[in-house]
Amino acid sequence: MNNFSNKYTLNFSLRVLAILGCIGLIIALLILAIYAYQMGCFSLLSNPHDLTCRLSAYNEDWSTFGSLLSGVFSMVAGFGTLGILLMGMQQFKVQQDQIAKQAENQKSFEDRQQAKWDNENDIISFQKYQMHTRSFENLLINIEKKSKNTITFKSTTELYNKIFKTNSSTMTVSKSNSENQDSSLPYIIEYYNMLINDINKPSVNCEGVMSKISELLDKLCIWYKSPSDILRITVDSSALDYSPFSINKIMHQTADVINLITQFSNIKNLDKLEKTNSSAGINFVKSITASSSGSISFTSKINGIKELIEIIIWHDENSHALNSPLKSLSLNIIYNDEIQIFNDKSFTNEFIKKFDELLNIENSDIITEDIRSTFLAFKNKQDENPGFDLLYG
């Protein structure tokens, strides 16, 4: 609107100038005509032989005539100069408008080009984000397969967002810039190490440890299910999906999960994972079976599970002094959570036979009457109908 007004005003001024120029020229011609008339020059039109109009021989006349011409044409020249100035202004204005238009077009082109680049960058970022999340999901699937489905991730998206808080569909932090990654991984490792320290204590706070294990698994979006349901812990009426023999295996598998995620994330300067003591698993079993808390109980499908746990604890404590054929079995139960093997009746009978032979070793001070009576009670309970036993609660 402003450009149109300027152009209109300039064009109007030029028209007025042209009109004034014509008027000035007409006035100049009238003045010359009047001067010529006063000099009698027009009489020549009617009488060519009239010599009234003649060239003057006096300098004063020529000076007066020169002054007249100077005044007349100075006025005309003034109008012309003004016209040229206005034309220059118009040309300058046209050039300015052209420059402004070119700048506007250039800016419009650059904006469109920038929008195109932004759109392409968004597409590339989204593709990188998709590839990254898909690779992370594949990592978790492989972890589940490796664990033989004792580990199941409840939400891969939730875990991804915990580990890679900075990442989004519009920005994915590359491995080379992973130090800028905001992540819950350092806090998960710190929590894991704190839990390991609690488990490694000679006297374990069972309720506290089990509560922290559940919280750690929740931080990693893990649903842990023990290979068998023949032995379960119940805490405050909430059944857990693992047995007292699962602790070592849970912590080892959780450490594997954290290490694999750490390698995938490439996040630097993380704390090293602590390790469980060799006696941590059996100490936990001892502590939980000795717990007087009414909030902890066991349920089991194995007849005589209480006696069996006491036999396993005794065997583990004295295995260094025993020439026992059951050493590997004891280790597998304590460290690999293979208590479910006693669900096989033929295996249980074989175990009773071998342990009976072990108890008949002569001159052994290790074999006490307590362990003999415990074993006998376990042996006698195998003739009962199988079913769930409520233990320690």
Side-chain angles (χ1 to χ4, degrees), residues 125-147 149-201 204-225 235 240-242 246-278 280-281 283-284 335:
S125 296
F126 182 70
Q127 289 175 340
K128 288 173 63 178
Y129 176 76
Q130 279 189 318
M131 292 174 61
H132 197 247
T133 54
R134 194 175 296 116
S135 298
F136 186 74
E137 289 173 0
N138 291 335
L139 172 68
L140 301 188
I141 290 172
N142 290 332
I143 291 174
E144 290 178 343
K145 291 179 179 178
K146 183 181 178 182
S147 73
N149 295 322
T150 56
I151 287 178
T152 302
F153 292 97
K154 294 178 285 188
S155 173
T156 57
T157 302
E158 181 182 349
L159 182 56
Y160 182 89
N161 292 335
K162 285 181 178 181
I163 304 301
F164 306 102
K165 292 183 178 180
T166 308
N167 288 4
S168 67
S169 58
T170 57
M171 186 183 72
T172 303
V173 177
S174 64
K175 286 188 175 182
S176 60
N177 199 27
S178 58
E179 62 271 13
N180 296 326
Q181 180 66 257
D182 185 16
S183 175
S184 295
L185 192 55
Y187 308 104
I188 292 174
I189 292 175
E190 181 182 358
Y191 194 86
Y192 174 90
N193 287 337
M194 179 182 66
L195 177 54
I196 289 292
N197 290 332
D198 289 344
I199 292 174
N200 285 339
K201 292 178 180 178
V204 181
N205 180 346
C206 303
E207 293 181 40
V209 165
M210 287 186 291
S211 175
K212 289 177 181 178
I213 287 175
S214 297
E215 190 169 345
L216 175 64
L217 296 177
D218 187 61
K219 289 178 184 293
L220 290 167
C221 300
I222 289 176
W223 176 46
Y224 185 89
K225 184 173 178 61
V235 180
L240 305 180
D241 289 314
Y242 51 85
S246 303
I247 302 304
N248 270 308
K249 192 168 184 179
I250 288 175
M251 300 312 294
H252 289 159
Q253 288 185 315
T254 304
D256 288 341
V257 170
I258 294 174
N259 284 328
L260 289 171
I261 290 177
T262 300
Q263 292 173 13
F264 180 87
S265 69
N266 203 41
I267 299 174
K268 306 297 184 183
N269 302 321
L270 295 174
D271 293 338
K272 292 183 178 180
L273 296 180
E274 301 288 343
K275 296 181 179 180
T276 56
N277 294 336
S278 58
N283 285 342
F284 180 81
Y335 299 105

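All of these numbers come straight from a predicted model, not from anything done at the bench. By convention here, the first residue in the shown sequence is residue 1.
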By salt bridge (charged side-chain N to carboxylate O under 4.0 Å, His left out) - contacts of E144 (at least two apart): none
M251 versus Y192, closest heavy-atom pair with distance: O-OH, 3.1 Å
Within-4.5 Å side-chain heavy-atom neighbours: T276 and I247: no
Parallel, tilted or perpendicular: ring planes of F264 versus H132, cut at 30 and 60 degrees: tilted
Full working for side chain to side chain contact (heavy atoms under 4.5 Å, CB included) between L159 and I261: CA-CA 10 Å; L159 182 56; I261 290 177; 4.1 Å; yes
Rounded distance [0.5 Å steps], CD1 in I196 versus OH in Y191: 12.0 Å
From CG (N161) to OG (S155), nearest 0.5 Å: 8.0 Å
Nearest-0.5 Å distance that lies between atom CD1 in I141 and atom CZ in R134: 11.0 Å
Closest non-hydrogen atom pair, S265 against L185: OG-CD2, 3.8 Å
Sidechain-backbone polar pair: Y160 side chain, E137 backbone, donor-acceptor under 3.5 Å: no
Side chain proximity check, T262 to I189, heavy atoms < 4.5 angstrom: yes
Side-chain heavy-atom pair V257, L140 within 4.5 angstrom cut-off: no
Nearest heavy atoms of I250 and T254, plus distance in Å: O-OG1, 2.6 Å
Straight-line distance of N200 CG to L195 CG, nearest 0.5 Å: 9.5 Å
Neighbour count above 12 (heavy atom, 6.0 Å) for K154 NZ: yes
Check against side chain to side chain contact (heavy atoms under 4.5 Å, CB included), I188 and I258: CA-CA 8 Å; I188 292 174; I258 294 174; 4.1 Å; yes
Closest non-hydrogen atom pair between N193 and E274, with its separation: OD1-N, 2.7 Å
Nearest atoms (heavy-atom pairs only) where K268 meets N266: NZ-OD1, 3.1 Å
Closest non-hydrogen atom pair, I163 against F136: CG1-CZ, 4.5 Å
Residues, nucleotides or ligands: over 12 heavy atoms within 6.0 Å of M194 CE: yes
Heavy-atom check, side chain of L217 versus side chain of W223, under 4.5 Å: no
Distance, nearest 0.5 Å, that separates CD1 of I222 from OG of S147: 8.5 Å
Spacing of OH belonging to Y187 relative to NZ belonging to K219, to within rounding of 0.5 Å: 11.0 Å
Beyond-backbone contact of Y224 with I213, side-chain heavy atoms, under 4.5 angstrom: no
